[in-house]
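Worksheet for the structure shown next.
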Amino acid sequence: MFIQQIRNATIIVHYAGKKFLIDPLLADKGLYPPFLAGIREDKRNPLIDLPMSVSEIIKDVDAVILTHLHQDHYDDIAKEMLPKNIKVFVQNEQDAIQVKNDGFEQVEILAEDTLFEGIQLIKTQGEHGRGEELLERMGQVCGVVFKHASEKTLYIAGDTVWFEGVQKEIQSHNPEIIVVNAGDNVWNDMGSLVMGKEDVYEVHKAAPNTNIIAVHMEAVNHWTLSRKELKRFGEEKGFSSRLFIPEDGESYTF
């Protein structure tokens, strides 16, 4: 298994001989207006450049997984640059309709028993914030578990905070690698949209022998948790040996 951080939630996963692109945000630095989220509204998104060319990122991709369709996970450049005949997995019928309307021809809704080239893909639950009002505003999201006889089990949690649903997914699938979106991005005074450092610690406590990769950091204007602070926190809490915080472009093999 080879996992490469690209930028924000965008990662490349090589798994059982197939290349997956997750949540592609492929725009040049500053192409989009800031999220009106009450922080850094003078900064345009993305805040940073891609670590490599778009053509290199999308080369030989076998499938794309969209955990949801917010702009920082599925942007106009991805819609333009990805081949329209590429396999695209989405979370529900509503997202499938939108992605098909964008011109993609092979769109499939993830289920609990989706198979792709012998790889099991399992849709997992997520909550994109806390509280009924924020959850309604942010909409439905998902994560995905990868399983194959020749690979370790991988759980990509997606845009979710820690809640009992994440714990249930960990207990159910016993993943050996977990990717968490951990920038503690916020929406005005309504709180966190994704995991902060305490959420990541809860993931570790639920799966103490599992390697955790923290992504979705320092790339869009409403982040509040830096890589440096998460690293310090992991050292303080004693789980830094299980916590990986990649720079953009950095990769790991498991």
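A side chain to side chain contact (heavy atoms under 4.5 Å, CB included) with Met195 is found for exactly one of Asn185, Asn181, Val203, Asp184, namely Val203. Partner of Phe146 under the ring-ring contact (aromatic ring centres under 6.0 Å, His included) criterion, chosen from Phe89, Phe20, Phe254: Phe20.
Using a 3.5 Å distance cut-off with no hydrogens or angles, the side chains of Lys237 and His204 do not pair a donor with an acceptor. A donor atom on one side chain and an acceptor atom on the other are not found under 3.5 Å apart for Asp75 and Gln71. There is a side-chain donor-acceptor pair under 3.5 Å between Asp248 and Gln5. If you check the side chains of Asp23 and Tyr74, you find no donor sitting under 3.5 Å from an acceptor.
Residues Leu134 and Trp162 are members of separate hydrophobic clusters, defined by side-chain heavy-atom contacts under 4.5 angstrom among Ile, Leu, Val, Met, Phe, Trp and Tyr. When hydrophobic clusters are built by joining Ile, Leu, Val, Met, Phe, Trp and Tyr residues whose side-chain heavy atoms come closer than 4.5 Å, directly or via intermediates, Val194 is not grouped with Tyr201.
Ring-plane geometry between His73 and His68 is classed as tilted, the angle between the planes lying from 30 to 60 degrees on a 0 to 90 degree scale.
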Discussion item. Assess the residue pair Tyr252 and Phe2 against the criterion (ring-ring contact (aromatic ring centres under 6.0 Å, His included)); give the C-alpha distance rounded to whole Å, side-chain angles, the decisive distance to 0.1 Å, and a yes or no.
Written reply: CA-CA 6 Å; Tyr252 307 107; Phe2 172 90; 9.2 Å; no
Discussion item. Could you go through Glu202 and Lys205, starting from their C-alpha distance and side-chain angles, then the distance that decides it, and tell me whether this counts as salt bridge (Lys or Arg N to Asp or Glu O under 4.0 Å)?
Written reply: CA-CA 5 Å; Glu202 291 297 329; Lys205 288 191 290 184; 3.0 Å; yes
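Ionic pairing of Asp199 and Arg130 is present here: one or more N-O contacts between side-chain nitrogen and carboxylate oxygen are shorter than 4.0 angstrom. Salt bridge status for Glu236 with Arg232: present, with a side-chain N to carboxylate O gap under 4.0 Å. In summary, Lys123 and Glu112 do not engage in a salt bridge, as defined by a charged side-chain N under 4.0 Å from a carboxylate O.
Taking CG from Asn188 and NE2 from His222, the interatomic distance works out to 10.0 Å, rounded to the nearest 0.5 Å. Separation of atoms CD1 (Ile156) and CG (Leu121) is listed at 9.5 Å; rounding is to 0.5 Å.
Proximity of Leu154 to Met1: side-chain heavy atoms (C-beta onward) are separated by under 4.5 Å at one or more points. The shortest distance between side-chain heavy atoms of Leu69 and Val99 falls below 4.5 Å. With contacts defined as side-chain heavy-atom distances shorter than 4.5 Å, the pair Ile119/Leu115 does not qualify. A 4.5 Å side-chain heavy-atom check between Ile6 and Ile57 finds at least one atom pair inside the cut-off. You'll find the side chain of Val166 reaches within 4.5 Å of the side chain of Thr160, heavy atoms only. Considering only heavy atoms from C-beta on, Asn45 stays 4.5 Å or farther from Lys29 through its side chain. You'll find the side chain of Ile177 stays beyond 4.5 Å of the side chain of Thr153, heavy atoms only.
Listed here is the closest heavy atom pair of Leu82 and Pro24: CD1-CG, 4.2 Å. The minimum heavy-atom distance between Thr10 and Leu25, with the atom names listed, is OG1-N, 2.9 Å. Glu218 and Leu47 make their closest contact through O-CD1, 4.0 Å (heavy atoms, listed as atom of the first residue, atom of the second, distance).
Residues forming a side chain to side chain donor-acceptor pair (under 3.5 Å) with Lys197 (at least two apart in sequence, or on another chain): Glu229.
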